[in-house]
Number of protein chains: 2
Amino acid sequence: MFKFDSNYIGMPDKELQTEEKIKEVARKIFQEKGFEGAKTRDIAKEAGINLALMNYYFRSKKALFEMIMMETVQDFFQMVFQILNKPDTSLMDKIDGFVNTYIETLKKNPEVPLFILSCVKSNGAEFQKKFSMFHMISELHFFKQFQELVKQGKVKNIHPAHFLMNLAGMIVFPFVASPMIKLVTQIPESEFDLLMDQRKKLVPMWLKDMLFETTLEKN
Amino acid sequence: MFKFDSNYIGMPDKELQTEEKIKEVARKIFQEKGFEGAKTRDIAKEAGINLALMNYYFRSKKALFEMIMMETVQDFFQMVFQILNKPDTSLMDKIDGFVNTYIETLKKNPEVPLFILSCVKSNGAEFQKKFSMFHMISELHFFKQFQELVKQGKVKNIHPAHFLMNLAGMIVFPFVASPMIKLVTQIPESEFDLLMDQRKKLVPMWLKDMLFETTLEKN
DNA sequence: AAATGTTTTAAACAACTGTTTAAATTTAGT
DNA sequence: ACTAAATTTAAACAGTTGTTTAAAACATTT
C-alpha cells in the first residue's frame, strides 16, 4: 500500500530490477498465452519473485496487463507514425523506409502483431478513449503526399484504405501467420527469415506497381 | 458414462438438438474468447442447458475445444483446396475464383481466421500429426500451373511462398485486422463491407500484376 | 405397466486463481 | 547503531473453475 501513485525520485536499484523483471516476464507470457491463459503464479515463478509482489508493484493482474498492452500498442504505432510523418522524404522513399524498418522490427518481435490484434479485438473501446493517436492517421504527411499524387493524376485513384491494407497485409500477415505458413509450406525458420529479407525489396516494388501500373489483361 | 465412444444409430431428436446447440454456442464463445477465456458456465448458460451436459456429451472442455478447432480448420482448408485444385480452370481463373469465394466466406465468418491463427500458434504440433492435408499443398494443381508458367518464362521467378503470402495477406489480413482498421481509419461497418467487395476485383488485378509486370522505377 | 436405457438436473467436490494479510527482512536516513 | 520506510515472504482467504455424482425426469421397449 505504498507507491501505486508514485513516480518518485531516487528509486533504489533492487526495486527497479524487480519491477522491471516482473513486467518483462509478464509481457512475454501475456503475449504467448493471452490475459486469461497467463496465470499469476506462472509469471511469479518465471520471474523468480514472490507471488505477492505482482500485486505490490502493479496492484492487479488486470492493471499489469493493461499497462503492457497500452505500452506495446503505443510503441508500435509511434514507430509507424514516425516514418510515415517524415516531412523531407518522398512518398517512394517513405515506402522503402517503412517496409524495411517494419520488417526488421517484426523479425525481432514476431509475436507483437497477433498480440495487438487480439487486444484491439477484445478491448477496442478502451483504446478509442485513451489514444488520440488513432484519429490523426489521415493527418499523416504520408497520406497528404498520397492524395496530392492522386489529385495530379500520377497515381491511381483508389481508397487509401486499400493501400494501407495491402501495405500492412503484405508486411504483417507473414509474421502473424508464420506458424501456419511454416506448417503448410514446410519452410524452416532459417529460410523463413531469408524470405522476409527478400520482401524488404519485393514489397515496395509490388506496392509501387499498385500505385502506377495499368493492368495488362493476360490470360 | 454412456456414449463417448459411439456413433451409434437412431439418435432421438432431442439429443441431437442439445448436442448441436452446445457445439454451436461453444464454437461462438471459443472463437470470441479463446480456450481459457471461455468458461463452461457461460457456454451452458448461453446454450440454455445444464452445466453437466457439456461433460456428458463431450467428456471435457478440452475435448470439445479440440473438436471445434479441428473441424474449423478442416472446413476452412477444404474450401481453399477445392478451388485451388480444380483441374479445368486456368491459373487466372483460379485466382479470380479463389479471391471471390474467399472474401465472400470471410464476410460471413470474419472471426474464423484469427481463431485459426491463434490455434495453430499454440497447438501447431497437434495439427502436423492429424492432417496429411498440409503436406499436399505443393501438389495442388494451382502450384503446378504456377511453376509451369515460371518454367515457360511467362511469369516472374519468385518463390511461390511469396505469392501465397501476398494472396492470403491481401485477402485475410483486412478481416483479421478489421477492429484495428476500423479504429484507425474511422471506417464504419457498412463501408468496410463495401471495400471488401471492391477487393474482389482489385486483389486479383494486383496479384496478376505481381506475376507479369516489370517494375517501372518512378520517383 | 414394468423395466430398461437415456437424458437432464441440482448439488457438491477438489483444484486452481487472483488477491490480501501480517510478519519478517532488507534498505536508507540520521 | 537506531529508526522508519520499503521490500519480500509464507500463509491464508474467498471466489471461480472444470468436473463428478447420484438422483430425478424422460423416453423406449417389452
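At the phosphate of dG18(D), neither OP1 nor OP2 sits under 4.0 Å from any side-chain N or O atom of Asn55(B). Contact check, Tyr57(A) against dT8(D): a side-chain N or O comes under 4.0 Å of OP1 or OP2. Thr40(B) has a side-chain polar atom (N or O) that falls below the 4.0 Å cut-off from OP1 or OP2 of dG18(D).
Ring planes of Phe192(B) and Phe175(B): perpendicular class, angle over 60° (limits at 30 and 60°).
Residue-level contact check: Ala63(B) touches neither bases nor backbone, having no heavy atom under 4.0 Å from any strand.
If you check dT7(C), dT19(C), dT8(D) against the side chain of Met54(A), the one that comes closest is dT19(C). In this structure, of dT8(C), dA12(D), dA10(D), it is dA10(D) that holds the atom nearest to the side chain of Asn50(A). Looking at the side chain of Lys61(A), the nearest of the listed nucleotides dT9(D), dT19(D), dT19(C) is dT19(C).
Checked against the 6.0 Å centroid criterion, the rings of Phe163(A) and Phe146(A) qualify as a close aromatic pair.
For Lys39(B), the side chain to side chain contact (heavy atoms under 4.5 Å, CB included) partners are Glu36(A), Asp42(B), not counting sequence neighbours. Judged as a ring pair (Phe, Tyr, Trp, His ring centres under 6.0 Å), and not counting sequence neighbours, Phe173(A) has no contacts.
Between Ala52(A) and Lys39(A), the one whose closest nucleotide on DNA chain C sits nearer the 5' end is Lys39(A).
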